[in-house]
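Excluded from the calculations below are hydrogen atoms, water molecules and symmetry mates; all remaining heavy atoms, backbone and side chain alike, are included.
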Amino acid sequence: MLVQSREMKQQNLKRHQPTSSGRAGHVGLTVAVVAFTLTSCASKPHVSSSAPPMVICGQTLWSGAAGASVFNYFVPGTYRVADTLYAGQRHPIILRFSPNCRRGVSGLTIDGQGRLEIAAIAHATDNSIVAIAVWGLQPGIAVVTVSTTNGGTIRAIVTVAGTSG
C-alpha cells in the first residue's frame, strides 16, 4: 500500500520547489532572452512590400508585389470569374481546377484566344493541369474550358476590360 507519511510528503515538496537562487537565475535568464529578442528585432526589421509567391503543386504561378486572386473550380459547371482583368496589365488571376496535386484536368481550351494569355501552368503528378495563371491581352469575354477526369466540363468566363486608368 502506498501511504506516505506527513514527513515524506514535506521532503518531496521541498525537493520540487526552486530555491531563491534558482528563481533569481531564472529571472536573469528571462531578462537576457527578452533583451536579446528585442535587440534582434530592432536590428533586423522585417518589412515586406510584396505578397508571397503563389505556389501550387510546387510550381510558382505568380510572384509579384501584388498577390494574385485564386478561383477554385473543382465541380463541373459554368462559372463567371468574380474578378476583372485589364488588357495589357501583366497581373494574372489563377484558375484552379483540382484540389490536389495527384490528378488534374485535361483538354484546356480558351474561346476568345486573343483576349487571354496563359502566364503559367501548374501540373499534377500525372502531368495533367491543376491550375493556370492568365492575364488579359484584349478587352472582351473569354471562356476557359477544361475536361474533368469523370467526363465533366468546367467553364470559367473571364472578363477582360480596357486598360484601367
Next item on the list: Kindly compute the distance separating CD1 (Ile132) from CD1 (Ile56), expressed to the nearest 0.5 Å.
Entry: 10.5 Å

Next item on the list: Indicate if Val134 and Ile129 have the same hydrophobic cluster label, given that clusters are the connected sets of ILVMFWY residues with side-chain heavy-atom separations under 4.5 angstrom.
Entry: yes

Note to self: With clusters defined by side-chain heavy atoms of hydrophobic residues (ILVMFWY) lying less than 4.5 Å apart, directly or transitively, does Tyr79 cluster with Val158?
What the structure shows: yes

Checklist line | Closest heavy-atom pair and its distance - Ala156, Leu95 | finding: CB-CD1, 4.2 Å

Next item on the list: Report yes or no: does Gln89 contribute a side-chain atom to a donor-acceptor pair with the main-chain N or O of Ala87 at less than 3.5 Å?
Entry: no

Note to self: Can you give me the closest heavy-atom contact between Val160 and Gln138, atom names plus distance?
What the structure shows: CG1-O, 3.1 Å

Item checked: Cluster check Leu61, Val144: I/L/V/M/F/W/Y, side chain < 4.5 angstrom -> no

Next item on the list: Please check if the side chain of His123 supplies one atom and the backbone of Gly104 the other of a donor-acceptor pair under 3.5 Å.
Entry: no

Check: Roughly how far, to the nearest 0.5 Å, is CG of Leu85 from CD of Glu117?
Finding: 11.5 Å

Margin query: Rounded to the nearest 0.5 Å, what separates atom CD1 in Ile154 from atom OH in Tyr73?
Written below: 10.0 Å

Note to self: So, taking the atom named CD1 in Ile141 and the one named OG1 in Thr159, what distance separates them when rounded to the nearest 0.5 Å?
What the structure shows: 3.5 Å

Item checked: Thr148 side chain vs Val105 backbone, donor-acceptor pair below 3.5 Å -> no

Next item on the list: Using a cut-off of 6.0 Å, state whether more than 12 heavy atoms not belonging to Arg90 lie near its atom CZ.
Entry: yes

Margin query: Is it the case that the side chain of Ser63 and the backbone of Pro53 share a donor-acceptor pair, with hydrogens and angles ignored and the cut-off at 3.5 Å?
Written below: no

Next item on the list: Kindly give the heavy-atom pair with the smallest separation between Ala68 and Trp62, and that separation in Å.
Entry: CB-CD1, 3.6 Å

Check: Between Arg96 and Phe71, is there a donor-acceptor pair closer than 3.5 Å when you use the side chain of the first and the backbone of the second?
Finding: no

Margin query: Would you say Val130 ends up clustered with Val70 if hydrophobic residues are merged whenever their side chains have heavy atoms under 4.5 Å apart, either directly or through other cluster members?
Written below: yes

Checklist line | Transitive ILVMFWY side-chain link Val81 to Val146, under 4.5 Å | finding: yes

Next item on the list: Could you tell me whether the side chain of Thr125 reaches within less than 4.5 Å of the side chain of Arg102, counting heavy atoms only?
Entry: yes

Check: What is the distance from atom CD1 of Ile118 to atom CH2 of Trp135, rounded to the nearest 0.5 Å?
Finding: 11.5 Å

Item checked: Ser98 side-chain N/O to Asn100 backbone N/O, donor-acceptor pair under 3.5 Å -> yes

Notebook entry, point to check: Given Arg155 and Ile157, is the side chain to side chain contact (heavy atoms under 4.5 Å, CB included) satisfied, shown in steps?
Noted result: CA-CA 6 Å; Arg155 287 182 188 84; Ile157 302 168; 5.5 Å; no

Margin query: Just verifying a value: how many Å separate Asn127 CG and Ile121 CD1, rounded to the nearest 0.5 Å?
Written below: 10.0 Å

